[in-house]
Protein chains: 2
Amino acid sequence: MQQKKNTHKVDSKDENNCLVKTVHLNRVKKARDNAPPKKELEKLSNTFKALGDPTRLKIVMALSDEEMCVCDIAAYTGVSDSAVSHQLRRLKDLSIVKNRRAGQILYYSLDDNHITDIITIGHTHIKENK
Amino acid sequence: MQQKKNTHKVDSKDENNCLVKTVHLNRVKKARDNAPPKKELEKLSNTFKALGDPTRLKIVMALSDEEMCVCDIAAYTGVSDSAVSHQLRRLKDLSIVKNRRAGQILYYSLDDNHITDIITIGHTHIKENK
DNA sequence: TTGATATATGAACATATGCTCATATATCAA
DNA sequence: TTGATATATGAGCATATGTTCATATATCAA
């Protein structure tokens, strides 16, 4: 039988009325109430995923110093122009980078400084948890 | 032939003396000088990658409100206890979450507030670039 | 002890990811 | 125009990833 203190799972219903087991149904409900909209969660996780690949992160960190063209980024990161171009497109779609054209050359730079801030905090995090 | 202004690629050498083409060799060199150590880049990108999956991000965001046990997180996210446990292990290995035991139940919470800060900024970023 | 419960873990599998290669597009120089 | 150069893009492929299932471990109740 159910205890006074929440120390055991009990049957509950999820958002689609399917059976689930919960210990603190109030906490689960509260989490559901505060849950980000699905679209927002997707976009946010996509943004972090973009920084979650070493090559892309290296690109972004380099661009936080100075704008660079595709082939220089390729030379720096050690992957092909094509690979860099693919990654830049992805970063651009997420508004992480922008570009400007000068003749045949496209210069990429960060679109805003949020990303730099995020990286700075991430850096602090890993330093504190060596 | 080479121009006065940097508008064309020229042959250069990368860190391993392999041939690469660069437009602004000085920028590439500067980027190399400022490049994060490989280990650091790996750890940093792994941290962001951890937030780059919708399920994990949802977990982390929920935990920023209140500690939760495994089965409640499972009920909230809609994946199995096992999947949650796998993800929590990963987040714990990255010092993103920690846990405390109360009998059979393990309560997970955020290990520090850096992660919350990162998510807040990420949120601002996606809101500004709707 | 013994059985039940909460979580952890390893293997397996379907899907996602990042790269390369081939090719397309865009700009410049002549 | 025409050829060369810088970047973009789509397909294909090897690897990584997130989940489930089966099973292991840990704690509690009796």
Side-chain angles (χ1 to χ4, degrees), chain A residues 1-11 20-24 42 45-46 48-59 67-75 77-94 97-108, chain B residues 1-11 20-24 42 45-46 48-59 67-75 77-94 97-108:
Chain A
M1 61 266 122
Q2 171 114 28
Q3 312 288 309
K4 275 179 186 150
K5 284 191 65 177
N6 285 332
T7 57
H8 288 81
K9 293 181 182 175
V10 295
D11 289 345
V20 290
K21 303 264 188 180
T22 61
V23 172
H24 305 274
E42 290 292 334
S45 62
N46 275 333
F48 292 128
K49 192 183 292 185
L51 304 175
D53 170 72
T55 303
R56 281 192 300 266
L57 183 58
K58 203 175 175 183
I59 292 173
E67 68 174 9
M68 290 176 80
C69 71
V70 174
C71 83
D72 286 351
I73 296 172
T77 55
V79 300
S80 69
D81 290 2
S82 173
V84 169
S85 187
H86 277 291
Q87 303 293 26
L88 287 170
R89 175 180 165 75
R90 186 162 167 180
L91 293 170
K92 189 156 172 287
D93 286 344
L94 290 161
V97 305
K98 64 184 182 216
N99 61 17
R100 73 177 177 89
R101 181 178 281 280
Q104 296 160 283
I105 298 181
L106 280 169
Y107 290 95
Y108 281 84
Chain B
M1 62 265 129
Q2 173 114 30
Q3 314 287 309
K4 274 180 187 148
K5 282 194 66 180
N6 286 331
T7 58
H8 289 80
K9 293 181 181 177
V10 296
D11 289 344
V20 290
K21 303 263 189 182
T22 61
V23 172
H24 306 275
E42 290 291 336
S45 63
N46 274 333
F48 292 128
K49 190 182 294 185
L51 304 175
D53 169 71
T55 302
R56 282 192 299 267
L57 183 58
K58 203 174 176 185
I59 292 173
E67 69 175 8
M68 288 176 82
C69 70
V70 174
C71 83
D72 285 351
I73 297 171
T77 56
V79 300
S80 69
D81 290 1
S82 172
V84 169
S85 187
H86 277 292
Q87 303 294 26
L88 287 171
R89 174 181 165 76
R90 185 162 168 182
L91 294 170
K92 190 157 172 285
D93 286 345
L94 290 162
V97 304
K98 64 185 182 211
N99 61 19
R100 71 176 178 89
R101 181 178 279 282
Q104 298 160 282
I105 298 180
L106 279 168
Y107 289 95
Y108 281 84

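Because the structure is a prediction, the values reported are computed rather than measured. Residue numbering restarts at 1 for every chain, and letters A, B, ... go by the order of the sequence lines. Values below: all heavy atoms of this structure, side chains included; hydrogens, waters and symmetry mates excluded.
- Distance, A/Leu91 CG to C/dG18 C1': 13 Å, rounded to whole Å.
- Looking only at distances, no side-chain donor or acceptor of A/Asp81 sits under 3.5 Å from a matching main-chain atom of A/Cys71.
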Could you tabulate the donor-acceptor pairs under 3.5 Å formed by side-chain atoms of residues 48-56 of chain A, not counting sequence neighbours?
| residue | atom | partner | partner atom | Å |
| --- | --- | --- | --- | --- |
| A/Asp53 | OD2 | A/Thr55 | N | 3.2 |
| A/Asp53 | OD2 | A/Arg56 | N | 3.1 |
| A/Arg56 | NE | A/Ala50 | O | 2.8 |
| A/Arg56 | NH1 | A/Gln87 | OE1 | 3.0 |
| A/Arg56 | NH2 | A/Lys49 | O | 3.2 |

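- D/dT27 atom C1' lies 15 Å from atom CZ of B/Arg100, rounded to whole Å.
- For the pair B/Asp72 CG and C/dT5 P, the interatomic distance rounds to 17 Å; values are reported in whole Å.
- Not counting sequence neighbours, B/Arg101 has no partner by the salt bridge (Lys or Arg N to Asp or Glu O under 4.0 Å) test.
- Atom CD1 in B/Ile59 sits about 13 Å away from atom P in C/dT7, given to the nearest Å.
- Between B/Gln87 and D/dT17 there is no side-chain N or O to OP1 or OP2 distance below 4.0 Å.
- With hydrogens and angles disregarded, no donor-acceptor distance shorter than 3.5 Å links the side chain of B/Asn6 to the backbone of B/His24.
- In this structure, the side chains of A/Ile73 and A/Leu88 come closer than 4.5 Å at one or more pairs of heavy atoms.
- Atoms NE2 (B/His8) and P (C/dA29) sit 6 Å apart, rounded to a whole Å.
- Rounded to an integer number of Å, the gap from B/Ile105 CD1 to D/dC28 C1' is 11 Å.
- Separating the CD atom of A/Glu42 from the C1' atom of D/dG18 is a distance of 14 Å, rounded to the nearest angstrom.
- Under the side-chain hydrogen bond (donor to acceptor under 3.5 Å, both in side chains) criterion, B/Asp93 pairs with no residue at all, not counting sequence neighbours.
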> Tell me, what's DNA chain D's dot-bracket, Watson-Crick or G-U with both distances under 3.5 Å, | for other-strand, [ ] crossing?
Replying inline: ||||||||||||||||||||||||||||||

>> What does the B/S/- profile of nucleotides 8-17 of chain C look like, 5' to 3', with a 4.0 Å heavy-atom cutoff to protein?
In response: BBB------S

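- Remark: the A/Gln104 side chain and the D/dT7 base include no donor-acceptor N/O pair separated by less than 3.5 Å.
- Here C/dG18 presents its C1' atom at 16 Å from CG of A/Leu51, a figure rounded to the nearest Å.
- B/Gln104 meets the side chain to side chain contact (heavy atoms under 4.5 Å, CB included) test with A/His8; sequence neighbours excluded.
- Between A/Lys58 and A/Val79 the shortest side-chain heavy-atom distance does not fall below 4.5 Å.
- Taking the nucleotide of DNA chain C with the nearest heavy atom to each of A/Gly52 and A/Gly103, the more 5' of the two is matched to A/Gly52.
- Here the CG atom belonging to A/Leu106 is positioned 14.0 Å from the CE atom belonging to A/Met68, to the nearest 0.5 angstrom.
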